[in-house]
Amino acid sequence: MRALRKLLIIAVVLGGLLVVGDRLAAGVAEREAAGRIQANQGLSAEPDVSIGGFPFLTQLLAKEFDRVDVALTGLEVTAGDRRVRVGELQAELHDVRLEGDYSRAVAATATGTARISYDELRKTSDSDVTLAYGGDGKIKVTGSVEFLGQTVTRSVLSTVSVVDGDTLRVRADEVPGEGLPGIEELVRQRTDFDRPVSGFPAGLAIEKVEAAPDGLAVTVGGRDVVLAG
């Protein structure tokens, strides 16, 4: 019995050492992946990378990970011809395979969420307008137009949507015209716009957008998403 107890203790200790070693190796890989993603996306800060699944070393040898979670900060996308800063992009990637000499990582599927502030979203408009949360999932857009020699300012509640996975569309639900012919068209020239968006990691497309109190909530997803390489 004493010998069996010793063997059990040794087995437990060795098992613990293997777990610790596996996690240490995972930590090294996470830091390496973070550096490559930062360079690949041109980020101002190194992202947080967490490799899931156990054991890590078995997955590494197979060149495929069950799940990798990534949080990107400092990501900038292009909306039309404007650069727009995205709040933290949190992505969950599944079935991530390593290609070549481990320098390229591609996820079979990925989903994520991001946030674009209204100040940043305003940059996508060609007009001098202000944007704010309008309540009930709407954006409040305020702009001024010249009409019959007078400056007319209007605020409208607008719906924001996504078209073809890469274009943001902002449209006023209605424009208060107060019986002035032609005023609606003038106001819409200020408040309504479409902007193609690019710059998310390759393979990610915009699936949904929704106005929220602290900015535009963006849901992304895709297949064969390139993390690095």
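All residue numbers in this chain count up from 1 along the given sequence.
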Considering non-hydrogen atoms only, spot the tightest contact between Val141 and Ser158 and give its length.
-> CG2-OG, 3.6 Å
State, to 0.1 Å, how close Thr73 and Ala45 come at their nearest heavy-atom pair, and which atoms those are.
-> OG1-CB, 3.5 Å
Could you give me the CA-CA distance, side-chain angles and deciding distance for Asp214 and Arg115, then say whether side-chain contact (heavy atoms from CB on, under 4.5 Å) is met?
-> CA-CA 8 Å; Asp214 57 348; Arg115 190 79 61 176; 3.3 Å; yes
Decide whether Val163 and Val220 are clustered together by the hydrophobic rule: side chain heavy atoms of Ile, Leu, Val, Met, Phe, Trp, Tyr closer than 4.5 Å, transitively.
-> no
Measure the spacing between CD of Glu30 and CD1 of Ile51 and express it to the nearest 0.5 Å.
-> 5.0 Å
Lys63 (side chain) donor-acceptor with Gly100 (main chain) under 3.5 angstrom | yes
Ion pair check, Asp119 and Arg85, cut-off under 4.0 Å = no
Knowing that exactly one of Arg195, Arg190, Arg188 qualifies, which makes a salt bridge (Lys or Arg N to Asp or Glu O under 4.0 Å) with Asp192?
-> Arg188
Output for pair (Ile116 CD1, Leu131 CG), nearest 0.5 Å, gives 11.5 Å
Heavy-atom distance under 4.5 Å between the side chains of Leu98 and Phe65, does that happen here?
-> yes
Work out which heavy atom in Pro47 is nearest to a heavy atom in Gln38; give both atom names and the distance.
-> CD-CB, 3.9 Å
Val84 and Leu121: side-chain contact (heavy atoms from CB on, under 4.5 Å), yes or no, with the steps?
-> CA-CA 7 Å; Val84 175; Leu121 184 62; over 6 Å; no
Basic-acidic side-chain contact under 4.0 Å: Arg122, Glu120 = no
Partner set under side-chain hydrogen bond (donor to acceptor under 3.5 Å, both in side chains) for Thr78, not counting sequence neighbours | Arg83
If you draw a 6.0 Å radius around CG in Asp173, do more than 12 non-hydrogen atoms from other residues or ligands fall strictly inside?
-> yes
Check: Thr167 and Val162 side chains under 4.5 Å, non-hydrogen atoms | no
Does the side chain of Pro201 come within less than 4.5 Å of Leu89's, by heavy atoms?
-> yes
Salt bridge (Lys or Arg N to Asp or Glu O under 4.0 Å) evaluation trace for Arg67 with Asp95 = CA-CA 6 Å; Arg67 174 173 167 175; Asp95 299 325; over 6 Å; no
Where do Lys138 and Thr159 land on the side chain to side chain donor-acceptor pair (under 3.5 Å) test, with the steps shown first?
-> CA-CA 5 Å; Lys138 302 291 184 180; Thr159 297; 2.7 Å; yes
So which heavy atom on Gly221 is nearest to which on Glu207, and how close?
-> CA-OE2, 3.5 Å
Side-chain heavy atoms of Val68 within contact of Val49, under 4.5 Å | yes
When you measure from the side chain of Glu210 to the backbone N and O of Val218, does any donor-acceptor pair fall under 3.5 Å?
-> no
Can Thr124 and Leu168 be said to form a side-chain contact (heavy atoms from CB on, under 4.5 Å), step by step?
-> CA-CA 9 Å; Thr124 67; Leu168 293 180; 5.7 Å; no
Output the distance between atom CD (Gln90) and atom CG (Asp48), rounded to the nearest 0.5 Å.
-> 9.0 Å
Are Gln41 and Leu75 close enough that some pair of their side-chain heavy atoms sits under 4.5 Å apart?
-> yes
Please name the pair of heavy atoms, one in Gly222 and one in Leu204, separated by the smallest distance, quoted to 0.1 Å.
-> N-CD2, 4.0 Å
Check whether any side-chain N or O of Gln59 sits under 3.5 Å from a backbone N or O of Gly52 as a donor-acceptor pair, and report yes or no.
-> yes
From Ile206 atom CD1 to Phe200 atom CZ, the distance as rounded to the nearest 0.5 Å | 5.0 Å
Where the side chain of Arg82 meets the backbone of Lys123, is there a donor-acceptor pair that is under 3.5 Å apart?
-> yes
Worked verdict on Leu72 versus Ile37 for side-chain contact (heavy atoms from CB on, under 4.5 Å) = CA-CA 9 Å; Leu72 306 181; Ile37 294 172; 3.7 Å; yes
When every non-hydrogen atom of Thr191 is compared with those of Ala172, the smallest separation belongs to OG1-CB, 4.2 Å
Nearest-0.5 Å distance, CD1 of residue Ile139 to OH of residue Tyr133 | 10.0 Å
Glu92 CD to Thr113 OG1 distance, which is reported to the nearest 0.5 Å | 10.0 Å
Are Leu157 and Val160 linked, directly or through other ILVMFWY residues, by side chains that come within less than 4.5 angstrom of each other?
-> no
Just by distance, with hydrogens left out, do Asp166 and Ser198 show a side-chain donor and acceptor under 3.5 Å apart?
-> no
